[in-house]
Amino acid sequence: MAKSTNISTYFIAKGIANMNKEALILRILNMPALQANALLSHLDSGEDMPTIENKENVRTERFKVDGTLSLYRQKYKTRFWSARIVLDNKGVKEEKRFSTGKESVEEAVVSAIEERFKLIGKLEAGYSIKAGTNLFFKTIALKVVDEMKTAMADPAVTKTTYKSYVSLLENHIIPFFSDCNIKNVDYPMLVEYFDQTTVRSKSQITMQKTSISKVFEYAVKKRLIDQLSVPKFPKVVVTSDPDYRVEPFSEHDLNVLKENYPAFIQNSRKEQTRHYRNAFQHYFAFLLSTGVRPGEEPKGIRFKDISKHYDAESGHHYYVIKLHKGKTQKSTIKYRQVAIDATAVKAIESAAMVLNGFIVEERIDHLIKHYADRFVFKSYRYNAFPSYEKIFSKEQYLGYVADKLHHTNYKSYSCRHTYINNQLAAGISHNDIAEHCGNSVQVIETHYKKAKLLNKAPSHIVGNIVDYEEAPGMQGLFEMIRAKHARGEKLFESKSNKSDEDEDDLSV
């Protein structure tokens, strides 16, 4: 969009001498270069400005600067000049009216011109100049997302954190702030956001702060807001590793999850949904048997990351996976190696059959040799990674079996939590578990405190453990009564008919 440099659109020639010279010089110094040059050009030209309608019988004074800008004032209602700006936005005329807050027509023109420059910048950035719509947090954040996606598409850009920022913005930040005016996003609202967010690991909290900051930086850069409008972030935010916030699976609930999955798959309405759900059961088995962090770690595994090794002591082979993505204990480590058991190998082979559309299940050696560059958990039928965490969410599978579960505070991370607890119960050392899981020993010891109560009775009650298997409970009692009644037996015998040796017999 072309910017007019005709100074009649910037200043009033007549009466310019009446302005405060010092104020004029300071204003010029603070102007954008284009605007300042246009002003100086006009002062050299000596053009006259159109006259202002100011007749006694005219209630509204009007001053037309050019075809896009005019000023007006209702002389008996206000002492301030208002401006009307009309600009072309891709063939559509858009208008903005506002009060300049200036009594002097000269100062009103200056103020209106500055505002017009901002509006032109908005149009060039793809915004509308209609009041309010440009300041929606969602509108600005989506612009930031578009910029990062464009940058990610450039092969020369290697800043992979953009992908995480985009995911946080699209899935967490934008849905929360949505159509809220960005000027109204203040410190209390940020506190509220971080209090409710489910993405609470320390690194993720930091990334969320950065993602939100990028939205404000963009708004300042595009002159939608000024720097003073950017709120401070909360200094104290309760953070924790996901390992601390989720429940490990109880034996009952884990059986429920495994038993009901075939029905959940068949309940799919679309073939693509059925395909993704079918793959998830093998992804789930892989997480349970390896303790790998859900998300980026398994997502980044290719078949070439799996290597075969020989154990001389047992005479058997085993497999090791290099994990390149996800959280690592030390930033200097480029990958973490984990040994996997037969259950994990079977899960990989079964997932490969589903995701690659194989007619028969191929063994892992064949997959490593012939499909080295393929991702283990990517669907090559739909050329996409299934949203495994979403499939397991309360909106899908957890909701599907909610009435059968004892607890519902489960996430994909529960697989990792369960794995660690099982390893502790098996007597594996803290150091070995920490190295395998990419955690510190301190984290494992925190798990150990929980695992002790889940897998071993505390020392002060070990001699007084209730054998619940021999206790029939109320339901068992009812069943015994019904059985005796069906056989025609007496339910209760009177004390007088009982022998001395039966004195304490309370059976029914």
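For the numbers below, each heavy atom of this structure counts, side chains included, while hydrogens, waters and symmetry mates do not. Residue indices begin at 1 and follow the sequence shown.
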Looking at Glu147 and Lys214, is any side-chain nitrogen of the basic one under 4.0 Å from a carboxylate oxygen of the acidic one? no
Is the shortest side-chain N to carboxylate O distance from Glu115 to Lys96 below 4.0 Å? yes
Could you check Phe284, Phe392, Tyr400 and say which one makes a ring-ring contact (aromatic ring centres under 6.0 Å, His included) with Phe264? Tyr400
Stacked cation flag Lys232 on Tyr187, 6.0 angstrom / 45 deg: no
Could you check whether Arg302 makes a cation-pi contact with Phe375, meaning its NZ or CZ is under 6.0 Å from the centre of the six-membered ring and within 45° of the ring axis? yes
Counting C-beta onward and ignoring hydrogens, is there a side-chain heavy-atom pair between Ile306 and Ile348 closer than 4.5 Å? yes
Salt-bridge present (Glu95, Lys93; N to O < 4.0 Å): no
Report yes or no: is the cationic atom of Arg293 (NZ for Lys, CZ for Arg) closer than 6.0 Å to the six-membered ring centre of Tyr413, at no more than 45° off its axis? no
Can you list the steps and then say if Lys346 with Glu361 is a salt bridge (charged side-chain N to carboxylate O under 4.0 Å, His left out)? CA-CA 10 Å; Lys346 178 64 175 176; Glu361 189 173 288; 2.8 Å; yes
Under a plain distance cut-off of 3.5 Å, with no hydrogens placed, do Gln208 and Tyr193 share a side-chain donor-acceptor pair? yes
Check whether the side chains of Tyr319 and Asp365 place a donor and an acceptor atom closer than 3.5 Å, and report yes or no. yes
Using a 4.5 Å cut-off on heavy atoms from C-beta on, say whether the side chain of Leu288 contacts that of Tyr419. no
Aromatic ring proximity, centroids under 6.0 angstrom, Tyr276 and Tyr382: yes
